[in-house]
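First comes the structure, then the notes that go with it.
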Amino acid sequence: MTDRLYDNGMLMEFDAAVISCTQIKKGYEVTLDRSAFFPEGGGQYGDVGTIAGVKVTDTYERDGEVIHLCDAPLDAGAQVHGAVDKDIRLRRMQNHSGEHLLMGFIHDMTGFDNVGFHLGEDEVILDLNGVIEAEQLLECERRANRAIAENVPFTISYPDEEELAALDYRSKLDLTENVRIVTIEGIDKCACCAPHVQAAGQIGIIRVISSENYKGGTRLRILCGMDAFELIRQRMDSIREISALLSAKPDKTVQHVKRLSDENISLKKQLAELDRQKAQSVIDSLANEGRGSFCVFTEGISRDMMREIANSAVLMTDGAAGVFGREDGGYSYIIASKNLPLRTMAKDINSALDGRGGGSDEMIQGSAKADRSTIEAYFGNISAVTQQR
Ligand SMILES: [Zn+2]
């Protein structure tokens, strides 16, 4: 079985002998006598890197062996130098160790456990089996960052059966042999198979990105270390841009946006009132002697209000009442009728008015490219008698 070297999480390079190499569809499965590569497990992806210059694209475990998926073959028996991709390992380790540290404080304060952990490429998710209060979370985050500042040591141990039975630790396992315990001095003990930092200072920073109620508990998104730094940098860049757009100091952007939003709401109200007034004046001036089909032309009136006009106009005709609103490249229209089968007529109407649209027998809507005189001539010709529904 592979001798695993990642109890020292900072060990990224090592020498080993190739035990076996088997070709599979995705590449070559290589086993070594010893390895610092961490195989996928506990919510964390397997390490990547190189062995003797050959790319390792994934690492996983099978029957106790660490399998390195390589993109070229290695000779069994060869002495090789392995190098874990340091950037990726460090990033994952910072996030994973950060999760243990934060969970240590959360568990201590609330008794909640982490019942789901995912360390993805750009997010770290942990699910708590209880709903944590915002203030509790903030306090745990603060304590975790304080522990980082104090550089609290992380240690790995393998207690024997007797020690294990007496040990209070998170992620309690049924196993009694080879249980790997990650201890953060004075803060947390948790069963975990992954590589960890040697002391909290290497985590750098822990930030809770979001917290939401999830399946009766809480789903937290966190970022630690370099990932947290990148996120903070991006967010600060974005605040700087917003602040320039608003001509406001970065710490005053919230008040500015709030004021803009209030102004926007009030302007929308004013516009709606103007729209209503314009529509009302069209409704007041509607006239149709003879009750034949007729149409009315508007400009700068919303579709909702055009519909109101159509609802009034349709009462004045036995044929169809059309409301046309001037817009780029033609008109938008709403046509209503109490008698005509508009839905079946829509095709003819659209072809006569160079338009598109449809709806029900009572009302159709769409747009038309025909000019005003063509539209007026068409409405003069719609028969209220021959096409009754
Ligand atoms: Zn863990």
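Keep in mind the model is a prediction, meaning the values are calculated, not measured. Both ligands and their constituent atoms are indexed starting at 1 by order of listing.
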Practice problem: Return the set of protein N, O or S atoms whose distance to the Zn ion (ligand 1) is under 2.8 Å, each given as residue and atom. | Solution: His96 NE2, His100 NE2, Cys192 SG

Quiz prompt | Pi-cation contact, Tyr45 with Arg92 (under 6.0 Å, within 45°) | solution = no

Quiz item: Distance under 6.0 Å and angle within 45° of the ring axis: does Arg326 meet both against Phe297?
Solution: no

Quiz item: With a cutoff of under 4.5 Å between side-chain heavy atoms, which Ile, Leu, Val, Met, Phe, Trp and Tyr residues group with Tyr60?
Solution: Ile24, Ile67, Leu69

Self-check item: Pairs involving residues 191-210, ordered by first then second residue, that meet salt bridge (charged side-chain N to carboxylate O under 4.0 Å, His left out) (sequence neighbours left out)
Solution: Glu141-Arg207

Quiz prompt | Steps toward salt bridge (Lys or Arg N to Asp or Glu O under 4.0 Å) verdict (Glu308, Arg303) | solution = CA-CA 9 Å; Glu308 292 295 316; Arg303 259 183 191 264; over 6 Å; no

Quiz item: Which salt bridge (charged side-chain N to carboxylate O under 4.0 Å, His left out) pairs, counting each pair once, include a residue from residues 71-86, with sequence neighbours left out?
Solution: none

